[in-house]
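Single-structure report; data block below.
Atoms considered below: every heavy atom in the structure, side chains included; atoms not considered: hydrogens, waters and symmetry mates.
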Amino acid sequence: MASLLQGRLPVNQDVLLMQKGTLMRKVRSKSWKKLRYFRLQEDGMTVRHARQAGGRSKASFSISDVETVRNSHESELLRSLAEEFPLEHGFTIVFHGRRSNLDLVANSVEEAQIWMQGLQLLVDFVTSMDQQEWLDQPGWLSDWFQRGDKNQDGRMSFEEVQRLLHLMNVEMEPEYAFQLFQAADMSQSDTLEGKEFVEFYKALTKRAEVQELFENFSADGQKLTLLEFVDFLREEQKEGDRASDLALELIDRYEPSDSGKLRHVLSMDGFLSYLYSKDGDIFNPSCRLIYQDMTQPLNHYYINSSHNTYLVGDQLCGQSSVEGYIRALKRGCRCVEVDIWDGPSGEPVVYHGHTLTSRILFKEVVATVAQYAFQTSDYPVILSLENHCSWEQQEIIAHHLTEILGEQLLSTTLDGQLPTQLPSPEELRKKILIKGKKLRTLEEDLEEQEEEEELKTELEREREAELELESQFESETQELSPRSKDKNEKVVMCPLFCSPICCQIMVQAPLPKPGLPLFPKQIADGSIPSSSLLFQKCKAILCPALSSLVVYTKTVSFYNFTHSREHYRFYELSSFTETKAKSLIKEAGNEFVQHNAWQLSRVYPSGLRTDSSNYNPQEFWNAGCQMVAMNVQTAGLEMDLYDGLFRQNGGCGYVLKPDFLRDTQSSFQPERPISPFKTQTLLIQVISGQQLPKVDNTKEQSIVDPLVRVEIFGVRPDITHQETNYVENNGFNPYWGQTLCFRVLVPELALLRFVVKDYNWKSRNDFLGQYTLPWTCIQQGYRHIHLLSKDGTSLHPASIFVHICMVEGLKGDES
């Protein structure tokens, strides 16, 4: 298979050395550090490891599994072992999804650099390939070849091919399989080698249903002319007026032959390439970009939010790690949570209080946020602080936030003026906001800042007057104002019009820094009378330095909606447990919608979810709640929905709410929606599946019996599901050809989830793959749905082929 990579795989000295193999130390913990021999295979796409060179090896990872490669300075584990292994010798392989990172330590800086640079080169190569290149890429085909080539002699006998078919989820008559085998065996050696195996695979994956569709629109059955392709795009794909221009673009993009491009025709291969591409995907390509208005107030958006972000496991004994913040931010989270407690040596720590979860330094969390906040999205990050610290360590928190975040930190209003509404994500680009308690109102802060500016100007004028006075009456001034021994005391001179003889020495406490109110601890020592300040007794433990960093996201307690309307301001927000939020939606759903139209709300999981499980976020989105915080470390249906919603708008972490959830006078009832919302009918023909995964790869003889379940999530009356029949013993190219019909009242809030399952009459059907997307991002026509794992990672090349048709109103029922 290696010969097929010539001219395609980027090969340099690093890659060649990786293919020779390297003995490195695999590190799982401070106590688990074992030598393993790692080697990149000849296909350039898979890495295997063994206990020693020449030993029995097993697959370690595929290049397509790797997201990036980091140096050891970013690994908490490798940093903790710096005294044992030089940091320059280590590196970390980061995988897609929730798979744990792989920490490795080489024997030298040079060896570490070879693997870091070589791996990143291959990762970039795989990332840059489009769907069809990935289909044609022999690297992942080589993986099948190696799994089928049981004796590893570089060729496959018919017996090995039969074994491979079971591994690939194919149940096929031996006679037909042997016909395909013989047709591909061009050398007549009774074995299949590199290119022969590729031909066998192509014959195996021939798409009869696509061929039939192609011939329906092609006059000669060999090609689609430009006009024929335009007809297909207009009639079936519902591309409308743009069909003519789009046809030319797609032919140029997907037709493999140069002559076809010149003649503006599309061959069967080009047609299949288009259907399998992003343009032929069910998810509208325009929704992959930032397509929504990003200039509306922050409270008009759903905001991708994480709960207890520092945890990568459960809520009781799980590990706290900055890796939680890295993963959350890289997947698009824009609100991350930090639980801060007093730590040793005066340094605050982050962990789940009163539990056995491990602890990490707060300053490391802040440094991680500073580094990763805007790698995925430029739109603002909200740092939700749960502050449990003493006065002294709160000052350390404020110091770290200010010093580490620097210009990224928003510490005052954008223009220094009192706003009338929250700023927009566009206005807050590349800014980090602090969410937490605040001693006073924003109005009082801005008023004090203005007064301080005036006082500063006045003091500067007085100082100028002092200097002038000193120059005129130098000897008298020295007698009247001897230098104070106390550095904290300040001498204030009388105005110029006062006679020098009547001057008095007045001692004043140092003024606070601009933006900071006087410290409550000055009340305690009697230097400031408590009656002169408005601080409430319960607020005295909050450090003013930290309080002043809270600008647009001040947290307040919730009592009821009337109290919030009468007493709270637009920049104040409340947090609700899932139980409280559900109760409010049930009892006062419309009031909750109106509340969320002018003020931010955050919903978080119940404390009883010690296993870090998740709730269904949909019902809170239905009420317009913006920050519905999730345990992003836990995969499942709930995170499928979450990822599905935020997959749109460029994955930037902000999704504009429907207009009826942005109106403070909205009449929308999330539990009982009524007109004028437009009902839509959705017709889905589930046609076929392609190369579905196995439930258990260790069972070679096991073949799945797949069925497709289509689920609708949205307002309560819209929640429903339907499923196809199962196809017995065919996970490779099952055919269903069944049509499902759904009627939806509020399509603006609906999510569509496709789930492929393995039918099991004895127990619950087993999960094979899924894909979730917003109703508003669905493309009509013949579309492929590229399946994702439970973890949200690609199951390429697994897909299902469908036809989608949307009808306004109730017409779909009649059809």
Side-chain angles (χ1 to χ4, degrees), residues 59 97-99 144 147-148 150 159 161-174 176-177 204-205 314 609-616 634-641 643-644 684-713 719-742 751-772 785-802:
R98 296 171 177 82
R99 180 175 171 178
W144 280 122
R147 289 168 69 182
K150 196 167 185 178
E159 288 72 22
V161 165
Q162 286 183 299
R163 174 177 173 269
L164 177 64
L165 289 174
H166 281 98
L167 289 173
M168 297 174 82
N169 242 339
V170 181
E171 180 74 26
M172 185 179 288
E173 290 295 330
Y176 180 58
L204 200 62
T205 54
D314 65 58
R609 294 185 181 274
T610 56
D611 58 351
S612 295
S613 60
N614 281 306
Y615 46 58
N616 184 338
T634 306
L637 161 66
E638 298 80 10
M639 279 308 300
D640 292 344
L641 298 179
D643 291 340
I684 303 174
Q685 183 187 15
V686 182
I687 303 171
S688 63
Q690 295 76 44
Q691 300 174 72
L692 304 177
K694 294 170 74 83
V695 175
D696 188 351
N697 283 321
T698 61
K699 296 180 180 178
E700 290 185 10
Q701 300 302 314
S702 172
I703 306 294
V704 300
D705 303 325
L707 60 86
V708 177
R709 176 184 171 103
V710 181
E711 302 169 339
I712 304 286
F713 293 87
I719 299 173
T720 186
H721 70 270
Q722 294 180 41
E723 59 186 41
T724 67
N725 297 327
Y726 68 90
V727 175
E728 192 171 357
N729 282 341
N730 188 350
F732 193 74
N733 56 358
Y735 182 86
W736 294 282
Q738 290 179 250
T739 300
L740 311 176
C741 180
F742 300 92
L751 290 171
L752 195 62
R753 183 173 184 253
F754 293 86
V755 193
V756 182
K757 296 194 171 187
D758 179 20
Y759 173 75
N760 189 333
W761 67 274
K762 294 181 181 178
S763 60
R764 181 182 298 180
N765 296 336
D766 294 311
F767 174 93
L768 295 179
Q770 68 84 29
Y771 189 80
T772 308
I785 300 169
H786 299 279
L787 297 176
L788 304 175
S789 69
K790 272 185 181 176
D791 220 18
T793 56
S794 172
L795 286 173
H796 181 87
S799 66
I800 53 177
F801 187 47
V802 299

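Counting only N and O atoms by type, the side chains of T793 and D791 include no donor and acceptor under 3.5 Å apart.
Distance CG/L692 to CG/N730: 8.0 Å, rounded to 0.5 Å. The line from OG1 of T724 to CD of Q685 is 12.0 Å long, rounded to the nearest 0.5 Å. Distance check: N616 CG to I719 CD1 gives 7.0 Å after rounding to the nearest 0.5 Å. A distance of 7.0 Å separates CZ of R764 from NZ of K757, quoted to the nearest 0.5 Å. In this structure, the separation between CD on E728 and CD1 on I703 is 11.5 Å, given to the nearest 0.5 Å. To the nearest 0.5 Å, atom NZ of residue K790 and atom CD of residue Q770 are 11.0 Å apart.
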Item to complete: Given side-chain contact (heavy atoms from CB on, under 4.5 Å), test V727 with Y735 step by step and report yes or no.
Response: CA-CA 7 Å; V727 175; Y735 182 86; 5.9 Å; no
Worksheet entry | Full working for side-chain contact (heavy atoms from CB on, under 4.5 Å) between I684 and V686 | CA-CA 6 Å; I684 303 174; V686 182; 4.1 Å; yes
Fill in: Audit row: F713, T772, side-chain contact (heavy atoms from CB on, under 4.5 Å) steps and yes/no
CA-CA 10 Å; F713 293 87; T772 308; over 6 Å; no
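Residues L787 and L768 are not in side-chain contact: their nearest non-hydrogen atoms beyond the backbone lie 4.5 Å or more apart. Taking the side chain as every heavy atom from C-beta outward, S794 and H786 never approach each other to under 4.5 Å. In this structure, V710 and L752 have side chains that are in contact, with non-hydrogen atoms separated by less than 4.5 Å. The shortest side-chain heavy-atom distance between N725 and L707 does not fall under the 4.5 Å cut-off. In this structure, the side chains of S799 and Y771 stay at 4.5 Å or more apart for every pair of heavy atoms.
Across all non-hydrogen atoms, the minimal contact from M639 to R98 is CG-NH2, 3.7 Å. What you find for F767 and L788 is that their closest heavy atoms are CZ-O, 4.1 Å.
Between the side chain of S612 and the backbone N or O of T634, no donor-acceptor pair lies under 3.5 Å. Between the side chain of D705 and the backbone N or O of N729, at least one donor-acceptor pair lies under 3.5 Å. The closest donor-acceptor contact from the side chain of N765 to the backbone of N760 lies under 3.5 Å. Formation of a donor-acceptor pair under 3.5 Å by the S789 side chain with backbone atoms of L795 is not found in this model.
A side-chain hydrogen bond (donor to acceptor under 3.5 Å, both in side chains) with E711 is found for exactly one of Q722, H721, R753, namely R753.
Under the ring pair (Phe, Tyr, Trp, His ring centres under 6.0 Å) criterion, F742 pairs with no residue at all, not counting sequence neighbours.
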